[in-house]
Amino acid sequence: MIILGIESSCDETSAGVIKDDLTVLSNRIYSQKDHEKFGGVVPEIAAREHIKKIDTVVASALEETGVKAEEIGLVAATNSPGLIGALLVGLSFAKGFAYKYNVPFVTVNHMDAHVRANHLAFPELEPPYTVLVVSGGHTFILNCDHNNRYELLGNTLDDAAGEAIDKGGKVLGIGYPAGRELERLSKLGNASAFNFPRALPEKVNLNFSFSGLKTALKNQLKKMAPQEITEKLNDIAASYQEAIMDQLSIKALNAMKMTGSNKLLLAGGVACNGRLREKIQNGMKGENKLYFPPLSLCTDNGAMIAAAGLLKYKRLGADPLTAGASAVFNLTEVNYGS
Ligand code: KG4
Ligand code: ZN
């Protein structure tokens with residue numbers, strides 16, 4: 001069977017085509033540019049841009065694979081969480097596609113899809129596993145049992161890791177989204193130059209907090225003259241990134257100890273970060289194994305939606321074309337394992 005996955009929850013319009021053995025045939029991603037000047041995603045603009053691009057993105061994914069629309073056996077679309085107007089574009093397109101070509105349709109939870117992106121990279125991967133989910137809008141630690149049921153072990157009390165990166169990036173004037181540039185600058189700087197706080201250090205606490213760190217960055221910059229900031233930008237970036245990655249890696253490794261799991265998965269856009277991967281890898285012991293998808297499958301993409309859609313369809317069958325969208329993340333929605 002060939003599966004088409006459609007993603008439009010934020011500022012990426014994407015269509016992925018995969019086979020049911022989890023081979024990725026195409027993964028077309030259009031990243032909207034219009035938000036950069038606002039330093040964050042403008043929901044109304046995002047929805048309108050999705051409408052403009054969805055047709056061509058899906059068509060180009062199909063064209064790249066040589067698969068005809070009639071040959072698609074399942075169409076999956078993100079319906080939660082995300083910007084509601086943006087979600088509705090991809091969801092409605094997928095429903096129209098399913099209706100026209102008479103193929104089954106499933107809704108997909110975006111966070112579940114970030115986790116399942118790991119299965120595209122490692123088709124033999126099976127739960128149980130522990131997952132650090134780090135995206136622009138969410139940061140939490142999950143345990144996934146052998147029945148594919150998730151348990152929430154820790155969550156952010158304020159900002160998501162990606163939000164801390166992007167808001168910090170805005171203060172530093174390094175563009176939006178800031179993750180890649182922050183990582184690039186950090187490689188040129190000294191991560192011990194500035195002492196930024198690490199919140200909630202207690203071993204048993206798997207929650208996160210980043211708002212104090214953001215304030216610490218602003219306070220640090222207030223003490224510096226513009227020229228000094230420019231001169232020390234790499235050191236500031238490296239120290240700020242290190243504080244975020246320290247908190248994430250320590251909590252993820254503690255979660256593994258608590259669950260006794262020997263597999264840790266990274267999921268979401270911040271999982272692109274080389275320093276995060278390195279820190280966790282360095283902290284791994286014995287037989288424990290770290291999994292993360294390649295960069296193109298970490299950030300928002302249609303192939304991961306197809307992968308999560310396939311898993312859900314195998315367990316529950318198709319969803320009705322009346323299925324709605326929801327802006328907020330709800331763990332019970334993704335716990336469809338038997
Ligand atoms: O998962 P994602 O593509 O979108 C959401 O579902 O939110 O994650 C986007 C986030 C942004 O905050 C972006 O700055 C961050 O991922 N990101 C990175 C890197 N590449 C993207 N963060 C750190 N290092 C990177 N290399
Ligand atoms: Zn995402």
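Read the numbers this way: they start at 1 and go in the same order the structure lists the ligands and their atoms.
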Atoms of ligand 1, numbered as shown, that sit under 4.0 Å from any heavy atom of [X]:
| X | result |
| --- | --- |
| Gly137 | 7 (O) |
| His114 | 1 (O), 6 (O) |
| His110 | 6 (O) |
| Ala178 | 14 (O) |

Distance-only N or O hit between ligand 1 and [X], under 3.5 Å:
| X | value |
| --- | --- |
| Thr299 | no |
| Glu163 | no |
| Gly179 | yes |
| Gly269 | yes |
| Gly268 | no |
| Gly162 | yes |
| Glu12 | no |

Inspect the surroundings of [atom1] in [X] and state if more than 12 heavy atoms from other residues, nucleotides or ligands are less than 6.0 Å away.
| X | atom1 | answer |
| --- | --- | --- |
| Glu70 | CD | yes |
| Arg48 | CZ | no |
| Asp21 | CG | yes |
| Gln227 | CD | no |

- Task: Please state which part of Asp300 comes within less than 4.0 Å of ligand 1, counting heavy atoms only: side chain, backbone, both or neither.
- Result: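 Near ligand 1, Asp300 shows its backbone as well as its side chain.
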
Can you tell whether the side chains of [X] and [Y] come within less than 4.0 Å, N to carboxylate O?
| X | Y | answer |
| --- | --- | --- |
| Glu181 | Arg184 | yes |
| Arg28 | Glu64 | yes |
| Asp20 | Lys314 | no |
| Asp112 | Arg116 | yes |
| Glu242 | Lys279 | yes |

- Query: Rounded to 10°, how big is the angle at the Zn ion (ligand 2) from His110 NE2 to His114 NE2?
  - Reply: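 The NE2/NE2 angle about the Zn ion (ligand 2) sits at 90°.
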
- Message: Taking Val334 as the starting point, is it possible to reach Leu152 by hopping between hydrophobic residues whose side chains are less than 4.5 Å apart?
- Response: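 Yes.
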
- Message: Quick check on Cys10 - does any of its heavy atoms sit under 4.0 Å from an atom of ligand 1?
- Response: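 Distance cut 4.0 Å: Cys10 fails for ligand 1.
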
Which residue and non-hydrogen atom of the protein lie closest to [atom], and at what distance in Å?
| atom | value |
| --- | --- |
| atom 12 (O) of ligand 1 | Asp166 OD2, 2.7 Å |
| atom 10 (C) of ligand 1 | Gly136 N, 3.7 Å |
| atom 26 (N) of ligand 1 | Glu183 OE1, 2.8 Å |
| atom 24 (N) of ligand 1 | Asn273 ND2, 3.0 Å |

- Ile174: which of Ile165, Leu182, Asp166 passes side-chain contact (heavy atoms from CB on, under 4.5 Å):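 Of all the options given, the one that passes is Leu182.
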
- Report the name of the N/O/S atom of Asp300 located nearest to the Zn ion (ligand 2).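 Per the distance ranking, Asp300 contributes OD1 as its closest N/O/S atom to the Zn ion (ligand 2).
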
- Query: Is the backbone N or O of Lys232 less than 3.5 Å from a side-chain atom of Asp235, with the two atoms forming a donor-acceptor pair by type?
  - Reply: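 Checked: no pair found.
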
